Participant: 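Okay, here's the structure, questions in a sec.
No hydrogens, no waters, no symmetry mates; every other heavy atom, side chains included, goes into these values. Along the sequence shown, the residues carry numbers beginning at 1. Because the structure is predicted, anything quoted here is derived from the model rather than measured.
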Amino acid sequence: MRPIFSRSTSLLALFGVLASLAGQSALADFEEDYDDKQWKEVAVQLPPAPQQENLLPFYVSAATDNEFFIDGASLAVGADGVIRYVLVVQTSGGARNVSFEGLRCETQERRIYASGRPDGSWSKSRNNEWKRIQNVAANRYHAALFSDYFCPEGVIVRSVEEARDALKRGRHPESRR
């Protein structure tokens, strides 16, 4: 009687097992490499002071009399997945707050790098760690920037032009508002 499996069939089976093991090893290497890669923020350069002609207004909520602006010239979409911008908040009483900030769509976090001084210089923020964006009245502008302009569906805009366009339109076309 002839054997059911020929020598060539046995070799094919052996190659199949070896290929499977090699594939599992490659997958394990990939997953280990993927898990080991820590997010790293790029070095940040402070932008020039905002100019009135570059300010793009954005809507936050009917619950505030403040006006909110992004300096369109300061917008940057970083290779680290952070969109950086200068925020200007003008109160109804005439006070003006300027800050240089970053927003990380992947983790729904924000960071204030520096505060603007009246002379156009910057003061490094003492409390500049990443903080979770919450949709609460006190800091609603971060939630608005996240969901309505810079991170529609939680994904960062692809370019500065896309971010500017969202601000000019009054919202990103893919936002849920």
Side-chain angles (χ1 to χ4, degrees), residues 38-177:
Q38 294 284 323
W39 174 77
K40 185 165 170 65
E41 188 170 12
V42 299
V44 176
Q45 297 287 327
L46 293 173
Q51 301 298 310
Q52 191 65 35
E53 63 270 13
N54 295 328
L55 296 183
L56 301 170
F58 69 97
Y59 178 78
V60 171
S61 133
T64 181
D65 290 335
N66 294 341
E67 293 178 278
F68 299 87
F69 304 91
I70 296 294
D71 175 15
S74 71
L75 276 167
V77 178
D80 56 359
V82 175
I83 184 162
R84 293 179 181 83
Y85 53 87
V86 171
L87 171 72
V88 177
V89 180
Q90 185 85 35
T91 69
S92 58
R96 179 178 160 132
N97 294 313
V98 177
S99 55
F100 177 52
E101 304 186 356
L103 197 143
R104 192 167 174 221
C105 299
E106 183 180 352
T107 57
Q108 195 171 342
E109 293 177 305
R110 59 149 178 108
R111 179 178 182 182
I112 299 174
Y113 297 102
S115 296
R117 294 183 180 129
D119 67 359
S121 65
W122 294 102
S123 172
K124 184 178 177 184
S125 178
R126 285 182 235 139
N127 189 11
N128 70 354
E129 68 270 354
W130 288 99
K131 293 183 180 176
R132 182 98 172 134
I133 295 170
Q134 298 180 353
N135 194 358
V136 294
N139 290 319
R140 169 74 180 103
Y141 53 91
H142 291 117
L145 288 171
F146 177 84
S147 62
D148 299 337
Y149 300 96
F150 297 156
C151 308
E153 303 293 321
V155 179
I156 192 170
V157 291
R158 292 172 288 278
S159 67
V160 169
E161 292 76 22
E162 185 179 349
R164 278 192 199 116
D165 183 61
L167 289 163
K168 289 175 183 175
R169 286 174 178 244
R171 72 176 192 82
H172 193 281
E174 295 174 19
S175 75
R176 291 189 217 182
R177 178 170 60 101

Participant: Indicate the atoms forming the closest heavy-atom contact of Pro50 with Val88, along with that distance.
Facilitator: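 Scanning both residues completely, I find the closest heavy atoms to be CG-CG2, 4.1 Å.
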Participant: Val157 versus Pro152: any side-chain heavy-atom pair under 4.5 Å?
Facilitator: yes
Participant: Using atom types as modelled and distance alone, determine if a side-chain donor or acceptor of Gln90 lies under 3.5 Å from a backbone N or O of Gly94.
Facilitator: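 Side chain of Gln90 to backbone of Gly94: a pair is present.
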Participant: Between atom CD of Glu174 and atom OG of Ser147, what is the distance when rounded to the nearest 0.5 Å?
Facilitator: 13.5 Å
Participant: Any non-hydrogen side-chain atom of Leu75 less than 4.5 Å from a side-chain atom of Phe150?
Facilitator: yes
Participant: For Tyr85, run the side-chain contact (heavy atoms from CB on, under 4.5 Å) check against Asp71, Leu145, Val77 and tell me which one passes.
Facilitator: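 Checked Asp71, Leu145, Val77 against Tyr85; only one passes side-chain contact (heavy atoms from CB on, under 4.5 Å): Leu145.
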Participant: Is Glu41 salt-bridged to Arg111, going by a charged N under 4.0 Å from an acidic O?
Facilitator: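 Answer for the salt bridge query: yes.
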Participant: Output the distance between atom NE2 (His142) and atom CZ (Phe68), rounded to the nearest 0.5 Å.
Facilitator: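 If I round to the nearest 0.5 Å, the distance is 9.5 Å.
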Participant: When you compare the side chain of Trp39 with that of Val82, does any pair of heavy atoms fall below 4.5 Å?
Facilitator: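 The answer is yes, as the side chains (C-beta and beyond) meet within the 4.5 Å cut-off.
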Participant: State the SG-CG distance between Cys151 and Leu103, to the nearest 0.5 angstrom.
Facilitator: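 One gets 4.5 Å once the value is rounded to the nearest 0.5 Å.
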Participant: With sequence neighbours left out, write down each residue that passes side-chain hydrogen bond (donor to acceptor under 3.5 Å, both in side chains) with Asp80, or none if nothing qualifies.
Facilitator: Arg84
Participant: Taking the side chain as C-beta and beyond, is there a heavy-atom pair between Val98 and Leu87 under 4.5 Å?
Facilitator: no
Participant: How far does OG1 of Thr107 sit from CD1 of Ile133, to the nearest 0.5 angstrom?
Facilitator: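 So the gap between those two atoms works out to 8.0 Å.
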Participant: If you take all heavy atoms of Asn54 and Ala73, which pair is closest and at what distance?
Facilitator: ND2-CB, 3.6 Å
Participant: Taking atom CD1 of Ile112 and atom CD of Glu129, what is their separation to the nearest 0.5 Å?
Facilitator: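 Going from the CD1 atom of Ile112 to the CD atom of Glu129 covers 10.0 Å.
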Participant: Under the side chain to side chain contact (heavy atoms under 4.5 Å, CB included) rule, what do Asn128 and Phe100 come out as? Steps first, then yes or no, please.
Facilitator: CA-CA 11 Å; Asn128 70 354; Phe100 177 52; over 6 Å; no
Participant: Indicate whether the side chain of Ser121 and that of Asp119 have a donor and an acceptor atom separated by less than 3.5 Å.
Facilitator: yes
Participant: Considering only heavy atoms from C-beta outward, does the side chain of Arg140 approach that of Thr64 to under 4.5 Å?
Facilitator: no
Participant: Nearest heavy-atom pair of Gly81 and Ile156: which atoms, and what distance?
Facilitator: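 Heavy atoms of Gly81 and Ile156 come nearest at O-CD1, 3.4 Å.
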Participant: Please determine, by modelled atom types, if Glu101 and Tyr113 share a side-chain donor-acceptor pair under 3.5 angstrom.
Facilitator: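 No.
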Participant: Are Arg164 and Leu56 close enough that some pair of their side-chain heavy atoms sits under 4.5 Å apart?
Facilitator: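 Contact flag for Arg164/Leu56 side chains = yes.
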Participant: Can you give me the closest heavy-atom contact between Ala143 and Gln134, atom names plus distance?
Facilitator: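 So the minimum-distance heavy-atom pair works out to CB-O, 4.1 Å.
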Participant: Side-chain contact, heavy-atom cut-off 4.5 Å: Val89 with Phe69?
Facilitator: no
Participant: Could you tell me the separation between the CZ atom of Arg132 and the CD atom of Glu109, rounded to the nearest 0.5 Å?
Facilitator: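 One finds 7.0 Å between CZ of Arg132 and CD of Glu109.
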Participant: So Arg104 and Trp130, do their side chains get closer than 4.5 Å, heavy atoms only?
Facilitator: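 The answer is yes; the side chains approach within 4.5 Å.
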Participant: I need the minimum non-hydrogen distance between Ala114 and Trp122, along with the two atoms involved.
Facilitator: CB-CE3, 3.8 Å
Participant: Mind checking whether Phe58 and Tyr149 have ring centres under 6.0 Å apart?
Facilitator: yes
Participant: Can Leu55 and Ile70 be said to form a side chain to side chain contact (heavy atoms under 4.5 Å, CB included), step by step?
Facilitator: CA-CA 6 Å; Leu55 296 183; Ile70 296 294; over 6 Å; no
Participant: Which atom names give the shortest non-hydrogen contact between Pro47 and Ser74, and what distance separates them?
Facilitator: CB-CB, 4.3 Å
Participant: Does Glu153 have more than 12 heavy atoms from other residues, nucleotides or ligands lying within 6.0 Å of its CD?
Facilitator: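 Buried by this count: over 12 neighbours within 6.0 Å.
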